[in-house]
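Heads up, the thing below is written out as structure tokens.
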2 protein chains.
Amino acid sequence: MKPEFVAIARKSVLLATIPPDITAEILAHSTIKHFDRHQTIFIQGDNADFIYIVLSGWLKLFRIAPSGAEAVVTVLTKGHSFGEAAAFKGGSFPVSAEASTECELIRIPAKLYMDLMRKEPDLALSILAATFAHLHSLVIQVEQLKANTAAQRVAQFLCELCACETDKCDVILPFDKVLIAGRLGIKPESLSRAFSYLKKFGVKVEKNHATIESYIKLREFAGFD
Amino acid sequence: MKPEFVAIARKSVLLATIPPDITAEILAHSTIKHFDRHQTIFIQGDNADFIYIVLSGWLKLFRIAPSGAEAVVTVLTKGHSFGEAAAFKGGSFPVSAEASTECELIRIPAKLYMDLMRKEPDLALSILAATFAHLHSLVIQVEQLKANTAAQRVAQFLCELCACETDKCDVILPFDKVLIAGRLGIKPESLSRAFSYLKKFGVKVEKNHATIESYIKLREFAGFD
DNA sequence: TCCTTTTCTTAACATAAGTTAAGCGTCACT
DNA sequence: AGTGACGCTTAACTTATGTTAAGAAAAGGA
């Protein structure tokens with residue numbers, strides 16, 4: 001396995017806190033998988049036999065309601081892991097996963113991880129840490145869905161992307177607008193409307209590039225403290 | 001501690017899979033806490049020093065957005081545990097908790113649980129199982145919020161309550177309508193409207209008692225398979 | 001280059017849900 | 001019995017978001 005991949009994997013929440021010799025053993029039994037855009041990684045109900053770590057690209061976890069409506073649960077990229085919770089339980093995935101861009105993943109056999117866990121309690125703690133991160137992000141998401149308007153959610157999304165120090169800053173939208181809309185629980189048309197509404201607050205969007213004139217003001221509108 | 005309380009606690013996801021002598025030790029160091037209706041159990045940001053198991057009554061976990069809007073994240077009752085995730089992480093609670101009815105809780109010192117965890121890896125698995133259950137329920141909730149109308153969410157809620165075998169059945173609404181509305185992410189007025197809309201599908205609601213004429217039909221409308 | 005396909009935006013319209021306000025029972029207390 | 005508080009429902013109105021449709025801009029292939 002390429003050293004750069006190992007480096008990314010080691011930095012993930014899932015492996016970060018465990019000794020190098022154990023990660024080496026895990027990675028030795030894992031494989032790199034490549035997925036094209038729109039390719040299915042797994043679907044809900046599949047046996048959760050693997051745990052994944054994203055090396056590159058973007059993918060989404062989602063559920064399809066019986067009505068056919070798609071609900072995007074999470075969007076993941078480099079360094080994120082997924083499937084730990086389901087794999088741990090030995091059950092099946094509660095969500096489906098699909099590549100949103102071309103992407104590369106490390107696929108870890110769940111059984112291997114579980115076997116090692118008996119010897120190395122730290123592994124359980126790592127899974128816990130990763131699962132909690134997901135849990136927390138879902139709690140936030142539920143709050144955002146219930147307590148904010150679409151435009152506010154868009155503003156929150158922009159604020160999260162914006163890792164800048166200065167008040168004025170630029171962000172690159174990491175995936176296409178259909179996916180952003182799905183992640184925020186709205187239709188692409190509403191996303192467009194939200195963007196043009198946010199012009200008032202100094203947000204300009206052109207292609208996949210957004211300029212934020214005042215991060216402070218945007219945060220305020222977004223309803224963050 | 002009363003034997004009936006011990007029995008409830010042992011059946012909770014948090015303690016179900018661990019040996020009796022360990023649960024005994026945990027419970028010996030835990031205390032029973034009593035809360036009146038509307039009493040605060042903790043607020044978001046508090047140090048997560050305790051893990052709780054519900055013995056009786058109903059309580060809600062919620063977040064208050066800066067706008068003042070309340071988002072009910074979960075409603076819990078007998079046998080449910082909460083706080084494990086935050087306590088394990090040693091951080092602070094991401095949500096607030098308030099008693100919705102008079103209720104009794106077991107309060108387990110988080111530190112004790114963590115100390116035992118080092119000796120007994122099964123404890124980590126128990127926490128993981130409990131956390132996974134939360135995770136899964138949040139995934140479902142996100143899907144429901146994003147992909148269903150208010151009336152469908154109400155129907156889903158009724159279907160979940162309805163543990164009957166027969167097609168026609170009655171359910172008792174376990175908590176008041178303001179709280180049900182909050183849990184479903186709608187206003188109480190919309191809940192009323194949803195109930196009267198559901199008359200079409202053979203649902204009659206009077207006070208806290210609902211009659212479902214055809215469970216099958218209701219499920220169909222709810223959009224379950 | 002041109003043509004097709006995809007992606008995004010905009011507009012007009014429809015609908016679901018929030019808002020405001022009024023009214024009705026029920027309950028507890030006097 | 002009277003009063004007030006509370007929980008719930010209903011109605012009229014407003015607003016946000018989905019729907020449908022059309023077209024502009026960008027991307028990609030021939």
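As the structure is a computational prediction, the values presented were derived from the model and not from experiment. Values below: all heavy atoms of this structure, side chains included; hydrogens, waters and symmetry mates excluded. In the text below, chain A, chain B and the rest are named by the order of the sequence lines, each starting its count at 1.
- B/K187 NZ: 12 or fewer foreign heavy atoms inside a 6.0 Å radius.
- Side-chain contact, B/E84 with B/S81: a donor N or O sits under 3.5 Å from an acceptor N or O.
- Just one of B/V6, B/L14, B/I8 meets the side chain to side chain contact (heavy atoms under 4.5 Å, CB included) condition when paired with B/R10; it is B/V6.
- A/I186 pairs with exactly one of A/I180, A/V154, A/T149 by the side chain to side chain contact (heavy atoms under 4.5 Å, CB included) rule, that one being A/V154.
- Remark: the backbone N or O of A/Q39 is not paired with any side-chain donor or acceptor of A/D36 at under 3.5 angstrom.
- When only modelled atom types and interatomic distance are considered, B/Q144 and B/Q156 share a side-chain donor-acceptor pair under 3.5 Å.
- Between A/F132 and B/F88, the distance separating the two ring centers is shorter than 6.0 angstrom.
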Open item on the list: Just to be sure I follow the notation: if a pair is Watson-Crick (purine N1 to pyrimidine N3 plus N6-O4 or O6-N4) or a G-U wobble (N1-O2 and O6-N3), each under 3.5 Å, what dot-bracket string does DNA chain D give, with | for pairs to another strand?
Closed with: ||||||||||||||||||||||||||||||
- [ ] Can you check each nucleotide of nucleotides 4-17 of chain C against protein heavy atoms at under 4.0 Å and return B for base, S for sugar-phosphate only, - for none, in 5' to 3' order?
- [x] ---SSBB-B----S
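- Residues A/E104 and A/S56 have side chains that bring a donor and an acceptor to within less than 3.5 angstrom of each other.
- Along DNA chain D, read 5' to 3', the first and last nucleotides having any atom under 4.0 Å from a heavy atom of chain A are D/dT17 to D/dT20.
- Relative ring orientation between A/F42 and A/Y52 is described as tilted, the plane-to-plane angle lying within the 30° to 60° band.
- Using modelled atom types and a 3.5 Å distance limit, the side chains of B/D46 and B/S92 yield no donor-acceptor pair.
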